[in-house]
*Asks:* 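Here's a structure for you.
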Amino acid sequence: MNLLKSNIKKNYPKLEAIYISPPFRELKKFEFEKYEKKIRDFSPNMLFVFLGCPKQEKWAYKNSALPGLKLNLGAAIDFY
């Protein structure tokens, strides 16, 4: 995650972003609510989802009410 943040800041210095790296398991209700609040408070135009297929597609569908266009990019983050 730190390498991702530094690459993005270097290449897109004006980009405003938040980074959420949930645990590799189903979220507990309070965890989901915490992440949901963080996303709603930030109110992004785009929401990049890197959870792998089909988990990211299910997540984007389930959370379609969250603000921002959901872009499911999977392993693309590994190449960036």
Side-chain angles (χ1 to χ4, degrees):
M1 178 71 82
N2 290 332
L3 182 57
L4 169 66
K5 286 181 188 181
S6 64
N7 282 342
I8 289 175
K9 285 181 182 185
K10 182 176 82 177
N11 293 314
Y12 306 97
K14 294 183 180 182
L15 179 73
E16 294 181 32
I18 58 172
Y19 302 86
I20 299 172
S21 182
F24 192 71
R25 59 170 166 70
E26 285 292 318
L27 295 177
K28 296 179 176 145
K29 186 177 180 187
F30 79 92
E31 291 172 315
F32 174 77
E33 290 169 351
K34 179 179 78 169
Y35 295 138
E36 181 183 38
K37 180 178 179 352
K38 189 173 185 177
I39 293 168
R40 287 193 185 283
D41 290 348
F42 189 73
S43 190
N45 293 323
M46 291 189 283
L47 191 59
F48 297 96
V49 184
F50 301 99
L51 296 174
C53 185
K55 188 176 180 181
Q56 64 197 15
E57 287 76 17
K58 291 177 182 179
W59 186 94
Y61 178 77
K62 182 179 175 184
N63 296 288
S64 61
L66 288 174
L69 171 69
K70 280 79 176 165
L71 299 169
N72 301 316
L73 300 169
I77 196 68
D78 295 330
F79 301 104
Y80 179 73

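Computation of the quantities below employed the complete heavy-atom set of this structure, encompassing side-chain atoms and omitting hydrogens, waters and symmetry-equivalent molecules. Bear in mind the structure is a predicted one, so any value in this text is a computation, not a measurement.
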*Asks:* How long is the straight-line distance from CD1 of I8 back to CG of L4, given to the nearest 0.5 Å?
*Replies:* 4.0 Å

*Asks:* Verify the cluster assignment for L15 and F48: are they in a single hydrophobic cluster under the rule of side-chain heavy atoms below 4.5 Å apart?
*Replies:* yes

*Asks:* Do you know the tightest heavy-atom contact between S43 and P67?
*Replies:* CA-CG, 4.0 Å

*Asks:* Taking only residues two or more places apart in sequence, or in another chain, which ones meet N45 in a side-chain hydrogen bond (donor to acceptor under 3.5 Å, both in side chains)?
*Replies:* none

*Asks:* With rounding to the nearest 0.5 Å, note down the distance linking CH2 in W59 to CG in L27.
*Replies:* 9.5 Å

*Asks:* Run the side-chain contact (heavy atoms from CB on, under 4.5 Å) test against E36 and tell me which residues pass, sequence neighbours left out.
*Replies:* F32, R40, L66

*Asks:* Minimum heavy-atom separation for M46 and L71, please, with both atom names.
*Replies:* SD-CD1, 3.7 Å

*Asks:* Residues in side-chain hydrogen bond (donor to acceptor under 3.5 Å, both in side chains) with E33, at least two apart?
*Replies:* none

*Asks:* Below 4.5 Å, heavy atoms only, C-beta onward: do I39 and I20 meet side chain to side chain?
*Replies:* yes

*Asks:* Output all residues satisfying side-chain contact (heavy atoms from CB on, under 4.5 Å) with K34, sequence neighbours left out; order by chain, then residue number.
*Replies:* none

*Asks:* Distance from C53 atom SG to L73 atom CG, nearest 0.5 Å?
*Replies:* 12.0 Å

*Asks:* Any salt bridge (charged side-chain N to carboxylate O under 4.0 Å, His left out) pairs touching residues 54-63, not counting sequence neighbours?
*Replies:* none

*Asks:* Under the rule for side-chain contact (heavy atoms from CB on, under 4.5 Å), what residues qualify as partners of Y61, not counting sequence neighbours?
*Replies:* none

*Asks:* If the condition is side-chain hydrogen bond (donor to acceptor under 3.5 Å, both in side chains), which residues does K14 pass it with, not counting sequence neighbours?
*Replies:* none

*Asks:* According to side-chain contact (heavy atoms from CB on, under 4.5 Å), who are the partners of K28, at least two apart in sequence or on a separate chain?
*Replies:* R25, F30, E31

*Asks:* How close do Y19 and K38 get, counting heavy atoms only, and between which atoms?
*Replies:* O-NZ, 3.8 Å

